[in-house]
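This report refers to the structure that appears directly beneath it.
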Protein chains: 2
Amino acid sequence: MEPREPDRRMELFRQKCREKGLALTHQRQVIYEALSQMEHHPSPEAIYEVVRKQIPSISLGTVYKNLKTFLDTGLLREVSVHHGTIRLEANMSPHHHFVCTQCKAIMDLEPEDLEPVKLKRKPPKGFRVQRFSVEALGICAACLAKSERARRSKS
Amino acid sequence: MEPREPDRRMELFRQKCREKGLALTHQRQVIYEALSQMEHHPSPEAIYEVVRKQIPSISLGTVYKNLKTFLDTGLLREVSVHHGTIRLEANMSPHHHFVCTQCKAIMDLEPEDLEPVKLKRKPPKGFRVQRFSVEALGICAACLAKSERARRSKS
DNA sequence: TATTAAACGATAATTATTCTCCTTTGTCAA
DNA sequence: TTGACAAAGGAGAATAATTATCGTTTAATA
Ligand SMILES: [Mn+2]
Ligand SMILES: [Mn+2]
Ligand SMILES: [Zn+2]
Ligand SMILES: [Zn+2]
C-alpha cells in the first residue's frame with residue numbers, strides 16, 4: 001500500500017499481532033510484508049511465489065493458513081467477495097445485489113432503488129469500463145437472528 | 001425471473017438456441033427452466049439438485065458444460081464476478097475497484113473518484129447493509145491491445 | 001534456560017471444476 | 001421418414017484451489 005514507510009507499516013503489523021495474541025513468526029512477517037508491497041491484489045499462489053524467494057522452505061499451506069488468520073483478525077481484506085463457487089442467474093436485465101457475507105445469500109437490488117453510479121474522473125489509462133457491479137454487503141435477516149440467538153444463549 | 005409466462009420464456013430460449021446453433025436437448029431445456037425459476041442465484045450444484053428430480057440420470061458434468069455454454073452465448077449471467085481464486089489486499093481503507101473481466105486484473109478506484117453510493121429505498125426486510133462494494137467492470141489496456149492485435153491479424 | 005502452546009512443513013483429503021472417451025441424440029438433407 | 005453425422009450426454013479420471021492432519025519446530029514467557 002504505502003510505498004514509503006515500510007518500517008512503520010511493519011511496526012503496526014507487529015503491534016496488531018501482539019494485541020490479537022498471534023505469535024510473531026518470521027513467516028508471518030514475510031507474508032504480510034510481501035502482500036502489502038504488491039499492488040496487484042494477488043492470489044495466495046502469487047503471494048507464495050514471492051515469499052518463497054525469501055523463505056524457500058515455506059509451504060503453501062502456511063501461506064493459506066496465515067492469510068486466513070489475517071483475514072479473521074482484520075489485518076487483510078478479501079477483494080473477491082464471492083470467491084467460492086460460481087453463482088448464476090437468468091435475469092439479464094441490468095441490476096445489482098444485496099449479498100449476505102455470512103451465508104452468501106444473494107438478493108436483487110433494482111437499479112431504480114440506487115442513486116446512479118458514476119465516475120467523477122477517467123478510469124486508469126486505457127481501461128474501458130463496460131458496466132458497474134454494485135453489491136450491498138451485510139447480514140441477512142436469517143443470519144442476524146441466528147447470531148442474536150447465539151449471543152443470548154451465551155450470556 | 002418472471003414467475004408468469006414460463007411458456008414465453010422457454011419459447012425465447014428455444015429461439016436463442018436456434019439462432020446460436022445450439023441443439024435443443026431435453027437436458028438444456030430443463031437446466032435453463034430450473035435456473036430461471038430459482039430466485040436464489042444458485043450454484044451449479046444447487047441447479048443440479050433441482051434438475052435431477054426431472055432427469056435423474058443427468059450428470060453434474062452436463063450441468064457445468066451447459067451453464068458454461070449458456071454464459072458464452074449470453075443466455076445467463078455470472079453473478080459472482082470473481083469466482084476463481086481468492087484475491088487479497090492489505091489496504092484497509094474503504095475503496096472500490098476496476099476489474100478486467102478478461103485477465104482479472106484489479107486496480108484501485110478511490111471513493112472520491114466516484115459519486116457517493118446510496119440506496120433510495122430500504123433494503124429487503126431485516127437485511128443490515130454494512131458496506132458497498134462497487135466494481136467497474138471492463139477491459140484493461142493490455143487486454144484491449146491484445147484483442148486489437150488478434151482482430152487485425154484475422155482481417 | 002526450560003516449558004509449552006502455537007505455528008510450521010509435508011502430505012493427504014476435500015471441493016469445485018474441467019477433461020477424456022465412448023455412447024446417444026438432435027439436426028438436416030435426401 | 002430415415003440415415004448420416006456432428007453435437008451433446010454420461011461416467012469417471014484429472015486438475016486446481018483449499019483445507020485438514022499430524023509429527024516437528026519455534027516463539028513466548030516464566
Ligand atoms: Mn439478480
Ligand atoms: Mn484495492
Ligand atoms: Zn445470511
Ligand atoms: Zn486485462
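We name chains A, B, ... by the order of the sequence lines, and we start the count at 1 in each one. The figures that follow rest on heavy atoms only: side chains count, while hydrogens, waters and symmetry mates do not.
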Quiz item: Tell me, for nucleotides 18-30 of chain C in 5' to 3' order, what letter each nucleotide earns: B for a base near a protein heavy atom under 4.0 Å, S for only sugar-phosphate near one, - for neither?
Solution: B-------SS---
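- For A/Thr62, a side-chain nitrogen or oxygen approaches OP1 or OP2 of C/dG9 to under 4.0 Å.
- The CZ atom of A/Arg28 sits 11 Å away from the P atom of C/dG9 (whole-angstrom rounding).
- A distance-only check finds a donor-acceptor pair linking the side chain of A/Arg77 to the backbone of B/Met92 [under 3.5 Å].
- Listed by first and then second residue, the salt bridge (Lys or Arg N to Asp or Glu O under 4.0 Å) pairs that reach into residues 15-28 of chain A are A/Glu11-A/Arg18, sequence neighbours excluded.
- A/Ser36 places no side-chain N or O within 3.5 Å of a backbone atom of B/Ala90 that could act as its donor or acceptor partner.
- Comparing the end axes of the helix from C/dT1-D/dA30 to C/dA30-D/dT1, each fitted to five base pairs by superposing C1' atoms of four pairs onto the next four, gives an inter-axis angle of 40° (nearest 10 degrees).
- Considering only heavy atoms from C-beta on, B/Ile86 comes within 4.5 Å of A/Pro44 through its side chain.
- Within the structure, side-chain hydrogen bond (donor to acceptor under 3.5 Å, both in side chains) pairs that include any residue of residues 116-131 of chain B comprise A/Asp113-B/Arg121 (at least two apart or interchain).
- To the nearest angstrom, P of C/dA7 lies 10 Å from CZ of A/Phe70.
- One N or O on the side chain of A/Thr69 and one on the backbone of A/Lys65 form a donor-acceptor pair closer than 3.5 Å.
- Distance CD1 (A/Ile58) to C1' (C/dA10): 14 Å, rounded to an integer number of Å.
- Scanning both residues, A/Ile31 and A/Phe70, for their nearest heavy atoms gives CG2-CE1, 4.1 Å.
- Residue pairs meeting the side-chain hydrogen bond (donor to acceptor under 3.5 Å, both in side chains) criterion with at least one partner in residues 96-110 of chain B, sequence neighbours excluded, are A/His41-B/His97, A/His41-B/Asp108, B/Glu89-B/His97, B/His95-B/His97, B/His95-B/Asp108, B/His97-B/Asp108.
- What you find for B/Glu115 and A/Pro116 is that their closest heavy atoms are CB-O, 4.5 Å.
- To the nearest 0.5 Å, atoms SG (A/Cys17) and CG (A/Leu24) are separated by 5.0 Å.
- In terms of heavy atoms, A/Pro123 sits closest to B/Phe98 at CB-CE2, 3.5 Å.
- With a heavy-atom cut-off of 4.0 Å to chain B, the contacted part of DNA chain D has its first and last nucleotide at D/dA8 to D/dT18.
- Among the atoms of the strands shown, none is found under 4.0 Å from any heavy atom of B/Ser43.
- Rounded to whole Å, the distance from CD1 on A/Ile55 to P on C/dA7 is 15 Å.
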